[in-house]
Amino acid sequence: YHHIHIWLVLEMGNADYENPVAIPPPQPFFNSLKYSLKETFFPDDPFRKFKNQTPSVKFVLGLQYFFPIFEWAPKYTLQFLKSDLISGITIASLAIPQGISYAKLANLPPILGLYSSFIPPLIYAMMGSSRDLAVGTVAVGSLLMASMLGRVVNYIDNPNLYLHLAFTATFFAGVLQASLGLFRLGFIVDFLSHATIVGFMGGAATVVCLQQLKSILGLEHFTHEADIVSVMRSVFSQTHQSKRQPKFFWVSAMAPLASVILGSLLVYLTHAEKHGVQVIGKLKKGLNPPSVTNLVLVSPYMGTAIKTGLVTGIIALAEGIAVGRSFAMFKNYHIDGNKEMIAIGTMNIFGSFTSCYLTTGPFSRSAVNYNAGCKTAASNIVMAIAVMLTLLFLTPLFHFTPLVVLSAIIVSAMLGLIDYEAAIHLWKIDKFDFFVCFSAYVGVVFGSVEIGLVIAVYLNHYSVMRNFRLLYLYFEITRWIDEEEDRIKASDQTTLQYVIIDMTAVGNIDTSGISMLEECKKTADRRGLQLVLVNPGSEVMKKLNKSKFLDELGHKWVYLTVEEAVGACNFMLNSYKPNPMKDDSEGWNNA
């Protein structure tokens with residue numbers, strides 16, 4: 001692959017111009033190997049801040065790296081506590097009904113949804129780098145687990161084995177996630193293109209909504225398959241068995257917790273459970289019981305647990321990191337993808353030891369956390385405390401909660417994942433991306449979640465090949481800027497001003513590549529730098545224009561050659577910050 005040249009333009013400097021195509025001197029084999037390994041596994045240079053530090057400082061920095069709570073806790077203020085307290089209580093009101101609902105979706109005891117909203121958030125609060133991620137179970141992960149485990153073990157005939165396999169799958173998911181973070185392999189998750197995720201998540205959300213027809217229509221027997229054909233056949237073959245639903249079903253349109261409270265109260269007062277309305281039933285009081293001895297580590301079932309854990313672990317990581325990065329950009333701070341993987345993996349490992357199943361950072365809960373004004377990850381601690389009190393004292397109150405309300409909560413959350421606007425956007429920008437998205441959607445809805453996932457990953461391969469150069473750029477640009485700023489400080493020059501990206505080697509671009517350019521722009525904006533593009537091809541320009549990226553960047557920051565771009569940047573610097581001692585003929589000397 002050709003290189004993408006990055007030019008960093010300074011406000012002042014005296015570096016001599018060198019030919020950018022000069023042949024580099026030969027390097028010893030081991031030096032080249034060391035450089036290649038560093039570029040692959042440590043593109044963000046995580047050890048940079050450890051350089052030239054005393055052993056005690058290195059120990060503190062290492063502790064803060066793995067446990068960010070030691071970094072932000074000493075700076076914690078009363079104002080932060082007030083904001084996090086409100087946010088924590090708010091997301092707890094969503095986490096409790098959502099947790100119960102998603103556990104039912106995974107064909108697991110409803111109490112596991114509450115267990116999974118207690119221990120994992122406490123671990124994430126200590127190890128996570130996102131201020132906005134609210135930890136809990138997710139619908140798509142729950143559906144995947146139910147689909148993959150259900151093909152081997154029937155949860156009705158053998159509930160204990162099914163439950164233990166869920167714990168085991170969660171354990172292996174956590175091991176995978178933590179390993180990817182520890183071995184700096186986070187870029188693997190970034191290879192999932194935007195089109196792939198939109199199609200797969202939309203298809204999974206459609207299937208989840210269809211599965212809720214069992215509770216909404218009150219059907220006794222329902223298919224265990226996830227495709228639309230099997231579900232519709234199951235529905236139409238049992239229409240005569242459908243039970244009349246209570247007239248107060250409209251309450252499910254309200255906030256989830258209000259729906260649960262009102263629904264439970266009305267069922268209790270009207271004794272609707274005696275007239276065909278299905279309810280949750282008894283929930284066990286008390287905190288999470290240990291489950292480490294329940295892990296299934298023998299054949300033939302361990303293979304199923306490993307496969308389920310690997311698939312659900314990757315999907316959960318992709319969702320959690322994408323959600324965390326989205327809100328981090330809104331608040332103008334940075335999260336480390338590899339640290340997030342270690343945090344999410346660790347909480348799933350310990351969660352599997354304490355009767356929890358797969359958790360990550362669901363968008364709906366994190367959006368509520370963000371909108372409620374959270375300041376730090378302490379909002380997860382507040383939520384965990386609220387869930388703990390619920391487990392100790394309030395679980396009997398959920399006995400009469402109608403399953404139809406839980407189904408409505410799931411459907412309400414899932415409708416937000418069917419992003420038809422994103423699909424329309426893909427159609428306008430890149431037809432191949434739309435084909436990838438639509439294929440993944442059809443594979444999930446008309447085949448199965450696993451088939452859809454295979455299609456999505458297979459087609460995603462082509463997207464990765466189309467955007468390899470931009471993926472490389474995305475991983476490297478922050479480190480390059482850091483290194484350049486260090487060099488500037490060491491040479492007594494002033495601050496970095498412009499980042500010029502030579503895109504001559506980029507022949508085409510899709511929506512994932514455009515998203516990465518947008519991330520690069522946000523990274524530059526966050527540091528007070530101006531991003532400049534050089535020589536994007538005609539196809540690239542068309543798509544950047546259709547996506548409105550050129551409008552966001554500014555058309556004046558696109559040039560035909562690097563020389564023109566550097567000259568324009570120097571002109572801007574001289575115009576706004578004139579230097580009478582400086583000769584205008586210096587030109588390239590400031591690059």
Side-chain angles (χ1 to χ4, degrees), residues 3-22 43-45 48-49 51 328-334 469-470 472-506 514-536 540-541 544 548-591:
H3 292 293
I4 296 177
H5 296 285
I6 306 296
W7 300 84
L8 304 170
V9 182
L10 318 181
E11 182 180 351
M12 295 175 61
N14 55 7
D16 294 329
Y17 166 69
E18 294 182 0
N19 185 355
V21 296
D44 55 345
D45 194 9
R48 178 171 167 268
K49 61 182 179 181
K51 296 176 182 176
M329 286 297 171
F330 291 149
K331 288 189 176 180
N332 202 29
Y333 69 92
H334 174 71
R469 303 175 183 88
L470 288 173
Y472 181 80
L473 167 66
Y474 176 67
F475 300 138
E476 296 284 343
I477 190 169
T478 300
R479 180 172 64 83
W480 286 338
I481 292 174
D482 288 337
E483 290 176 351
E484 186 65 14
E485 288 183 334
D486 287 345
R487 188 190 69 78
I488 293 167
K489 291 177 183 177
S491 59
D492 295 326
Q493 294 176 327
T494 51
T495 58
L496 194 65
Q497 297 291 308
Y498 297 91
V499 178
I500 302 176
I501 302 179
D502 184 357
M503 299 186 66
T504 303
V506 181
I514 294 171
S515 296
M516 288 173 189
L517 279 180
E518 291 171 343
E519 294 295 320
C520 290
K521 181 181 182 303
K522 290 175 182 177
T523 298
D525 291 345
R526 191 165 59 243
R527 292 168 175 260
L529 306 175
Q530 176 61 53
L531 187 68
V532 183
L533 302 184
V534 169
N535 196 27
V540 174
M541 281 293 288
L544 293 181
K548 307 298 182 184
F549 177 77
L550 290 181
D551 294 336
E552 295 176 8
L553 178 68
H555 289 261
K556 69 177 182 179
W557 298 113
V558 181
Y559 295 92
L560 186 61
T561 67
V562 173
E563 184 174 8
E564 289 180 359
V566 174
C569 292
N570 276 323
F571 176 78
M572 296 291 288
L573 289 172
N574 293 331
S575 298
Y576 288 107
K577 294 185 180 180
N579 185 352
M581 302 297 294
K582 188 174 184 176
D583 188 350
D584 288 342
S585 64
E586 286 179 349
W588 281 79
N589 290 340
N590 292 326

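Below, each value reflects all heavy atoms present in this structure, side chains not excepted, and no hydrogens, waters or symmetry copies.
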Check the pair Arg527, Leu496 against side chain to side chain contact (heavy atoms under 4.5 Å, CB included), reporting the backbone distance first and the verdict last. CA-CA 9 Å; Arg527 292 168 175 260; Leu496 194 65; over 6 Å; no
If you compare all heavy atoms of [X] against all heavy atoms of [Y], which two are closest, and at what distance to 0.1 Å?
| X | Y | value |
| --- | --- | --- |
| Leu533 | Phe549 | CD1-CE2, 3.9 Å |
| Lys521 | Glu552 | CE-O, 3.3 Å |
| Val532 | Tyr498 | CG2-CD2, 4.1 Å |
| Tyr559 | Ala568 | OH-CB, 3.2 Å |

Against Met503, only a single residue in Asn535, Val534, Val540 fulfils side-chain contact (heavy atoms from CB on, under 4.5 Å); can you say which?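 For Met503, the side-chain contact (heavy atoms from CB on, under 4.5 Å) check succeeds only for Val540.
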Taking the side chain as C-beta and beyond, is there a heavy-atom pair between Val558 and Leu544 under 4.5 Å?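 With C-beta onward as the side chain, the pair stays apart.
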Report yes if some heavy atom in the side chain of Gln530 is under 4.5 Å from a heavy atom in the side chain of Leu553; otherwise report no.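 A side-chain contact exists here, since the closest heavy-atom pair is under 4.5 Å.
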Measuring from atom SG of Cys569 to atom CD1 of Ile500, what distance do you get when rounded to the nearest 0.5 angstrom?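 Result: 4.0 Å between the selected atoms.
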Between Glu518 and Ser515, is the side chain to side chain contact (heavy atoms under 4.5 Å, CB included) condition met? List the steps. CA-CA 5 Å; Glu518 291 171 343; Ser515 296; 4.3 Å; yes
Under the side-chain hydrogen bond (donor to acceptor under 3.5 Å, both in side chains) test, which residues partner Lys522, sequence neighbours left out?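 By the side-chain hydrogen bond (donor to acceptor under 3.5 Å, both in side chains) rule, Lys522 matches no residue at all.
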